[in-house]
Undergrad: 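The following block contains the structure, expressed as structure tokens.
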Amino acid sequence: MSNLERDPRESLAGGPAAVAEQPVHELLEGRDVMLGPRGTLVTRTLPNKDRRMVGAWCFVDHYGPEDTTGTLGMQVPPHPHTGLQTVSWLVEGDVLHRDSLGSLQLIRPGQLNLMTAGRGIAHSEESPADRPARLHGVQLWVALPHGDRWGDPHFEHHGDLPGFSAGGVDVTVVMGELADAASPARAYSPLVGAEAVLGAGSSIELPLRPDFEYAALTLAGTVVVDGEPLGRGPMLYLGTGRATLQLAAAVPGRLLLLGGEPFAEQLVMWWNFVGRSHEEIVRMREEWMSGSAFGDVHGYAGDPLPAPPMPTSPLRPRGRRRA
Ligand code: MN
């Protein structure tokens, strides 16, 4: 997935001032973003005007469910990333990933595609011609800490993730650890990403880490999170200081739980780059446009995405949260 906006807003994220130091319920409304001229409609809840990160999670796009019969489905041409990991997770459908390391990987529901950009990588994502009609999933970005952000790019596919079941709820641990289950996916800061599938009348108490901040996103149905019904659309930010979290559902539901140690560094995010300064972003953009640093993505039927023009005013720190 790419940030395909023609005029992407620069956003600064991170820093302890943006962390709620107690349990809270903060509803973060998403905004609708169209990926490409006839592309996929996504609901973007991070970065949000009120809150830019949850742990190291810095970007959350939720798309579908949509019927791709008679359309091209998802078509995201080759584009670059720096300083982040992309976490691809499907509820329905198939997506084919290609990258400049030569990876070619079909992802299906319940599997994880994890791409660590490090100092730079390029990739494309497409609906394969032969596929289920319905498409539904999320793409998430995890910011890399400074000590890892210039590392070698690499790609992981995990087809079999650990989890647990209780009270009619099946939990899959996608990233990090939850209860006694630990994902094999490589993470660079303490965090968790997990999916809970709730049957009608089910409930569960999840063990949380009080030092983590958390947020919940409903992917399907309605899930009662800490007593608050949460449907598709907004993200419910839960703050820190929690040892447990209650989930329940009267109807079948599906929920994504994201959390992590509050990310201490400030970021500058622009288009598909995560950096630390205006100058870095300018250099990353120039390296993509000159075709020198990211390598080629082979096999995608279409041209790479050009970067949008830089904004006329410099990208500069403007505080950790918008007022
Ligand atoms: Mn991407």
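Both backbone and side-chain heavy atoms feed into the values below; hydrogens, waters and symmetry mates do not.
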Undergrad: Once rounded to the nearest 0.5 Å, what's the spacing between atom CZ of Arg276 and atom CD of Gln266?
TA: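 Rounded to the nearest 0.5 Å, the CZ-CD separation comes out at 10.0 Å.
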Undergrad: How long is the span from the CZ atom in Arg285 to the CE atom in Met289, to the nearest 0.5 Å?
TA: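 Arg285 atom CZ to Met289 atom CE measures 5.0 Å (nearest 0.5 Å).
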Undergrad: Take Cys58 and Arg52 through the side-chain contact (heavy atoms from CB on, under 4.5 Å) test and state the conclusion after the steps.
TA: CA-CA 6 Å; Cys58 61; Arg52 295 192 176 96; over 6 Å; no
Undergrad: Would you check if Pro162 and Pro184 make a side-chain contact, meaning some heavy-atom pair closer than 4.5 Å?
TA: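 Yes; the side chains approach each other to less than 4.5 Å.
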Undergrad: Suppose we screen for side chain to side chain donor-acceptor pair (under 3.5 Å). Which residues come up paired with His146, at least two apart in sequence or across chains?
TA: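 By the side chain to side chain donor-acceptor pair (under 3.5 Å) rule, His146 matches Arg149.
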Undergrad: Dump the intermediate steps for side-chain contact (heavy atoms from CB on, under 4.5 Å) on Met269 and Ile281, then the final yes or no.
TA: CA-CA 8 Å; Met269 290 176 57; Ile281 299 290; over 6 Å; no
Undergrad: Taking only residues two or more places apart in sequence or in another chain, which ones pass side chain to side chain donor-acceptor pair (under 3.5 Å) with Ser165?
TA: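 With sequence neighbours excluded, Ser165 shows a side chain to side chain donor-acceptor pair (under 3.5 Å) to Asp170, given in chain and number order.
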Undergrad: Could you give me the CA-CA distance, side-chain angles and deciding distance for Gln139 and Tyr63, then say whether side chain to side chain donor-acceptor pair (under 3.5 Å) is met?
TA: CA-CA 8 Å; Gln139 188 169 105; Tyr63 53 89; over 6 Å; no
Undergrad: Please answer whether the main-chain N or O of Thr45 pairs with a side-chain N or O of Asn48 as donor and acceptor at a distance below 3.5 Å.
TA: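 Side chain of Asn48 to backbone of Thr45: a pair is present.
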Undergrad: With side chains defined as the heavy atoms from C-beta onward, is the minimum distance between Val297 and His79 less than 4.5 Å?
TA: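 Heavy-atom side-chain distance check fails, nothing below 4.5 Å.
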Undergrad: Which heavy-atom pair separates Thr222 from Gly231 by the least distance, and what is that distance?
TA: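 Taking Thr222 first and Gly231 second, the nearest heavy atoms are OG1-CA, 4.3 Å.
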Undergrad: If you measure from the Lys or Arg side-chain nitrogens to the Asp or Glu carboxylate oxygens, is any gap between Arg242 and Asp226 under 4.0 Å?
TA: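 The answer is yes: the pair qualifies as a salt bridge.
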Undergrad: Can you check whether Ile107's main-chain N or O pairs, donor with acceptor, with Gln111's side chain at less than 3.5 Å?
TA: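 Not a single qualifying donor-acceptor pair exists.
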Undergrad: Side chains of Val142 and Leu84, heavy atoms from C-beta outward: is any pair under 4.5 Å?
TA: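 A side-chain contact under 4.5 Å is absent here.
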Undergrad: Is there a side-chain contact between His81 and Phe273 in this structure, where contact means two heavy atoms from C-beta onward sitting under 4.5 Å apart?
TA: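 Sidechains of Phe273 and His81: no contact.
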Undergrad: Apply side-chain contact (heavy atoms from CB on, under 4.5 Å) to Thr40 and Glu66, showing your working.
TA: CA-CA 9 Å; Thr40 309; Glu66 66 172 300; 3.1 Å; yes
Undergrad: Are the charged groups of Arg51 and Glu26 less than 4.0 angstrom apart, N to O?
TA: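 A salt bridge links Arg51 with Glu26.
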Undergrad: Could you grab the distance from atom OG1 of Thr86 to atom CG of Asp61, nearest 0.5 Å is fine?
TA: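 It comes to 12.0 Å.
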Undergrad: Heavy atoms, side chains only, cut-off 4.5 Å: are Leu28 and Pro234 in contact?
TA: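 Side chain of Leu28 against side chain of Pro234, heavy atoms only: no contact under 4.5 Å found.
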Undergrad: Sub-3.5 Å donor-acceptor pair from the side chain of Trp57 to the main-chain atoms of Val192, do we have one?
TA: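 Present.
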Undergrad: Determine yes or no for a side-chain-to-main-chain donor-acceptor pair under 3.5 angstrom, with His136 supplying the side chain and Leu219 the backbone.
TA: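 The answer is yes, because a donor-acceptor pair under 3.5 Å joins these two groups.
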Undergrad: After noting the C-alpha distance and the side-chain angles of Leu140 and Trp89, does the key distance pass the side-chain contact (heavy atoms from CB on, under 4.5 Å) rule?
TA: CA-CA 8 Å; Leu140 318 168; Trp89 181 256; 5.6 Å; no
Undergrad: Looking at Gly30, is its backbone amide N or carbonyl O close enough to the side chain of Thr43 to form a donor-acceptor pair, meaning the two atoms are under 3.5 Å apart?
TA: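 Between the backbone of Gly30 and the side chain of Thr43 there is no qualifying donor-acceptor contact (under 3.5 Å).
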Undergrad: Kindly indicate, with the supporting measurements, whether the criterion salt bridge (charged side-chain N to carboxylate O under 4.0 Å, His left out) is fulfilled by Arg134 and Asp67.
TA: CA-CA 5 Å; Arg134 280 165 66 89; Asp67 186 340; over 6 Å; no
Undergrad: Look at Arg98 together with Glu126 and state whether they make a salt bridge at an N to O cut-off of under 4.0 Å.
TA: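 Between Glu126 and Arg98 there is a salt bridge, with a charged N closer than 4.0 Å to a carboxylate O.
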Undergrad: Checking side-chain polar atoms at under 3.5 Å, does His97 have a donor or acceptor matched by the opposite partner on Asp99?
TA: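 There is such a pair (donor and acceptor under 3.5 Å, judged by atom type) between the side chains of His97 and Asp99.
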Undergrad: Under a 4.5 Å cut-off applied to non-hydrogen side-chain atoms, are Trp288 and Thr82 in contact?
TA: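 No, every pair of side-chain atoms sits at 4.5 Å or beyond.
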Undergrad: Please give me the minimum heavy-atom distance between Leu161 and Gly110, naming the atom from each residue.
TA: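 Heavy atoms only, the tightest pair is CD1-O, 4.0 Å.
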Undergrad: Could you check whether any side-chain heavy atom of His25 comes within less than 4.5 Å of a side-chain heavy atom of Leu238, counting everything from C-beta outward?
TA: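 They are in side-chain contact.
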Undergrad: Any idea which heavy atoms bring Pro153 and Gly120 closest together, and the distance?
TA: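 Of all heavy-atom pairs spanning Pro153 and Gly120, the closest is CG-O, 3.3 Å.
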Undergrad: Do Val138 and Leu114 belong together in a cluster built from hydrophobic side chains that touch within less than 4.5 Å?
TA: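 Same cluster.
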Undergrad: With side chain to side chain contact (heavy atoms under 4.5 Å, CB included) as the test, pick out the partner of Leu112 among Glu156, Met175, His157.
TA: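 Result: among Glu156, Met175, His157, Met175 is the only option passing the side chain to side chain contact (heavy atoms under 4.5 Å, CB included) with Leu112.
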Undergrad: Could you see if Leu208 belongs to whatever hydrophobic cluster contains Phe263? Use Ile, Leu, Val, Met, Phe, Trp, Tyr and a side-chain cutoff under 4.5 Å.
TA: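 The answer is no; the residues belong to distinct hydrophobic clusters.
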Undergrad: Quick one: pull up CD1 in Ile121 and CG in Asp152 and give me the separation to the nearest 0.5 Å.
TA: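 Separation between the atoms: 10.5 Å.
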Undergrad: Let me check something: do Leu256 and Leu236 share a hydrophobic cluster, defined by ILVMFWY side-chain heavy atoms less than 4.5 Å apart, either directly or through other members?
TA: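 Not linked; separate clusters.
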Undergrad: Taking 4.0 angstrom as the limit, do Arg131 and Asp94 come out as a salt bridge?
TA: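 No salt bridge links Arg131 with Asp94.
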Undergrad: Checking Gln75 side chain against Leu72 main chain: does a donor-acceptor pair fall under 3.5 Å?
TA: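 Checked: pair present.
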Undergrad: Return yes if some donor-acceptor pair links the side-chain N/O of Thr68 with the main-chain N/O of Ala133 below 3.5 Å, else return no.
TA: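 Pair found, side chain donor or acceptor close to backbone of Ala133.
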Undergrad: Quick one, Gln85 with Tyr188, criterion side chain to side chain donor-acceptor pair (under 3.5 Å). Give me CA distance, side-chain angles, the key distance, then yes/no.
TA: CA-CA 9 Å; Gln85 294 178 293; Tyr188 291 85; 5.3 Å; no
Undergrad: Heavy atoms only: give me the nearest Ser127-Leu135 pair and the separation to one decimal.
TA: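 Where Ser127 meets Leu135 most closely, the heavy atoms are OG-CD2, 4.2 Å.
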Undergrad: Okay, side chain of Thr116, backbone of Gly118: is any donor-acceptor separation there less than 3.5 Å?
TA: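 Checking the backbone N and O of Gly118 against the side chain of Thr116, no donor-acceptor pair under 3.5 Å is found.
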Undergrad: Is there a continuous path of hydrophobic side-chain contacts, each under 4.5 Å between heavy atoms, that joins Val274 to Leu144?
TA: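 No, it is not one cluster - the side chains of Val274 and Leu144 are not joined through contacts under 4.5 Å.
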Undergrad: If you look at every heavy atom in Pro132 and Gly93, which pair is closest and at what distance?
TA: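 Looks like CG-CA, 4.1 Å.
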Undergrad: When clusters are formed by joining ILVMFWY residues with side-chain heavy atoms under 4.5 Å apart, either directly or through shared neighbours, do Leu104 and Leu90 land in the same one?
TA: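 Different clusters.
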Undergrad: Can you establish whether the number of heavy atoms outside Asp32 located under 6.0 Å from its atom CG is more than 12?
TA: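 Result for CG/Asp32: enclosed.
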Undergrad: Any luck finding a side-chain donor-acceptor pair between Arg209 and Thr240 under 3.5 Å?
TA: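 Per modelled atom types, Arg209 and Thr240 side chains form no pair under 3.5 Å.
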Undergrad: Which heavy atom in Ser277 sits nearest to a heavy atom in Val268, and how many Å separate them?
TA: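 Nearest pair, atom of Ser277 first, then Val268: N-CG2, 3.9 Å.
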Undergrad: Does Leu206 reach the side chain of Tyr214, with side-chain heavy atoms less than 4.5 Å apart?
TA: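 When only atoms from C-beta onward are counted, Tyr214 and Leu206 do not touch, as no gap falls below 4.5 Å.
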Undergrad: Please confirm whether the backbone N or O of Leu230 pairs with a side-chain atom of Thr218, one donor and one acceptor, at under 3.5 Å?
TA: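 Flag set: sc Thr218 to bb Leu230 pair under 3.5 Å.
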